[in-house]
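Structure record follows, encoded as structure tokens.
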There are 2 protein chains.
Amino acid sequence: MTDGSPFPAGVAGAAMNPTRAKLLAAAAETLRHEGIAGLAARPIAARAGVNQALIFYHFGTVAGLVDAAVRASVEESTAFYRDRFARVTSLVELLQVGRELHERERSAGNVAMMAQLLAGAQQDEALAAAARFAMQRWTAEIEAVVRRVVEGGPLAELADPAGIARAISAGFIGLELYEGVDAAGASAGLTALEQLGALVEVLDDLGPVARRALRAKVRRTRAG
Amino acid sequence: MTDGSPFPAGVAGAAMNPTRAKLLAAAAETLRHEGIAGLAARPIAARAGVNQALIFYHFGTVAGLVDAAVRASVEESTAFYRDRFARVTSLVELLQVGRELHERERSAGNVAMMAQLLAGAQQDEALAAAARFAMQRWTAEIEAVVRRVVEGGPLAELADPAGIARAISAGFIGLELYEGVDAAGASAGLTALEQLGALVEVLDDLGPVARRALRAKVRRTRAG
DNA sequence: GTCTATAAGATGATAGAC
DNA sequence: GTCTATCATCTTATAGAC
């Protein structure tokens, strides 16, 4: 299976065919920079410096290449944060890492890539599968941190880490899209979210009296 | 200016050329259902039941038509909520109206339209202008409500209504995209956000003691 | 104002030489 | 494994008949 080539070959393990590798990288970059609307075989091949026909030889279809490229890309970027996430134990730290991650991934273009992928996924089942995979990878990492950070605190019984992780991921994607048309507005939105995060953090650190009052109110509100 | 036709004609005021009107509606629907990647003159014209060449006669380019269609659509949908928003005076009511709006706009497809528009706007300046316009309309409405609801309460000094409105708009768009690939996950995310909203609501309704403690903590955290 | 016809180019994908 | 050449099909946009 050195490379009879019809498609699979999975992860970038061992030594991958250099053309395959170039195409994977070029596909991710094209998605980031040209968006889903401009995603076509020729632009990708041009960026990779190889012939357009090789996309179909190696990956069958353009969507097949994009699928493989997204999986490789998300595998790499989540791995990068895995141990950083593992060291986070408080909400304060989580907010700090979150800000750092947000800035780094933004300039790497991975959030933009996810946004374009999700937009295209609404109509293309192959892209939808890739998008599902990517979102699951990210939310799994985030969910684990949120769960650990909330554990033991008063928020443990109120917060659903799985839901929060998904809301965070989706929210960042929406903000990234919004930033493309109104950078100042998106920045204001992000700041507001950080303030809200700080608020929750404060809540998590409340004295027992206020904490009890809070819990009672929450229960009453839920019932209503 | 009944219709010498080269382009403008602005709002759907008075009596608009029926072909123009059909094209505007068809463009919005095509954007909702086919997405930005499949957006082309022929599918739009087919949906409108008119000839493809009329798009260029009436709107110059496909992007010009989409721009006009989005502006008309957002004008209509924000107007629909204006008086409903005006009657909201508390955070509880805001959350209820928000849920209602979310469901109604989702089934109308307006959030999906905005998401596809934003995705395409990253690469197309004409679409970016339309997206800016649409986001401004929505955030202006939401910002006014948030400001009114927060006014007088303890959150007034902590919350930035403009930023919150933008975060809400962008967040819903991200969730809409996410729902297209993982409906259950998006639902969990939305529920988590509603819980967080209820939490903030409780905060807004806290007794003076807890309120003072909260304020002090927030100030300390901000300084750090 | 609307149509048909068409130009000029981009698209995914394949066949076959090397 | 990579290339050239090519297909049928799609795209935006225009010219001109009606």
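Please read all numbers here as calculations on a predicted model, not as lab measurements. Throughout, protein chains are lettered first and strands after them, A, B, ... in sequence-line order, and every chain is numbered starting at 1. Computation of the quantities below employed the complete heavy-atom set of this structure, encompassing side-chain atoms and omitting hydrogens, waters and symmetry-equivalent molecules.
- Comparing C:dG12, C:dT2, D:dT2 by their nearest atom to the side chain of A:A40 picks out C:dG12.
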*Can you check side chain to side chain donor-acceptor pair (under 3.5 Å) on A:R47 and A:T30, steps first, answer last?*
CA-CA 8 Å; A:R47 206 181 274 267; A:T30 307; 3.3 Å; yes
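- Close to C:dA5, at under 4.0 Å from its OP1 or OP2, lies no side-chain N or O of B:N51.
- We find that NE2 of B:H58 is positioned 16 Å from C1' of D:dT14, with the value rounded to whole Å.
- Checking D:dC3, C:dT14, D:dA13 against every side-chain atom of A:F56, the shortest atom distance belongs to C:dT14.
- Within the structure, every side-chain polar atom (N or O) of B:T61 is placed at least 4.0 Å from both OP1 and OP2 of D:dT12.
- Taking atom CG of A:N17 as the reference point, atom C1' of D:dC3 lies 15 Å away to the nearest angstrom.
- Computed from coordinates, the B:L54 CG to D:dT14 P distance equals 14 Å when rounded to whole Å.
- Of the N and O atoms on the side chains of B:R104 and B:N110, not one donor lies less than 3.5 Å from an acceptor on the other residue.
- Put simply, CE on A:M16 is 15 Å from C1' on D:dG1, counting in whole angstrom units.
- The two residues B:L23 and B:A45 make their nearest non-hydrogen contact at CD2-CA, 4.4 Å.
- Residue B:R20 contributes atom CZ, which lies 15 Å from atom C1' of C:dT2 at whole-angstrom precision.
- In this structure, B:P18 and B:R42 both approach DNA chain C, and ranking their closest nucleotides by distance from the 5' end singles out B:P18.
- Residue-to-nucleotide proximity on DNA chain D shows that, of B:Q52 and A:T19, the 5′-proximal contact is made by A:T19.
- In this structure, the nucleotide among D:dT2, C:dT2, D:dT12 sitting nearest to the side chain of B:V62 is D:dT12.
- Between A:Y57 atom OH and D:dT2 atom P the separation is 8 Å, expressed in whole Å.
- Minimum atom distance to the side chain of B:P43 is reached by D:dT11, of the listed D:dT11, C:dT2, C:dT4.
- Stacking of A:R20 on the aromatic ring of A:F59 is recorded, both the 6.0 Å distance cut-off and the 45° axial limit being met.
- Picking from C:dA13, D:dT2, C:dC3 the nucleotide with the shortest atom distance to the side chain of B:A53 gives C:dC3.
- To the nearest angstrom, C1' of C:dG1 lies 15 Å from CD1 of B:I55.
- With rounding to the nearest 0.5 angstrom, the CD1 atom of B:I164 is 7.0 Å from the CG atom of A:L196.
- A:L39 has its CG atom 12 Å from the C1' atom of C:dT11, to the nearest Å.
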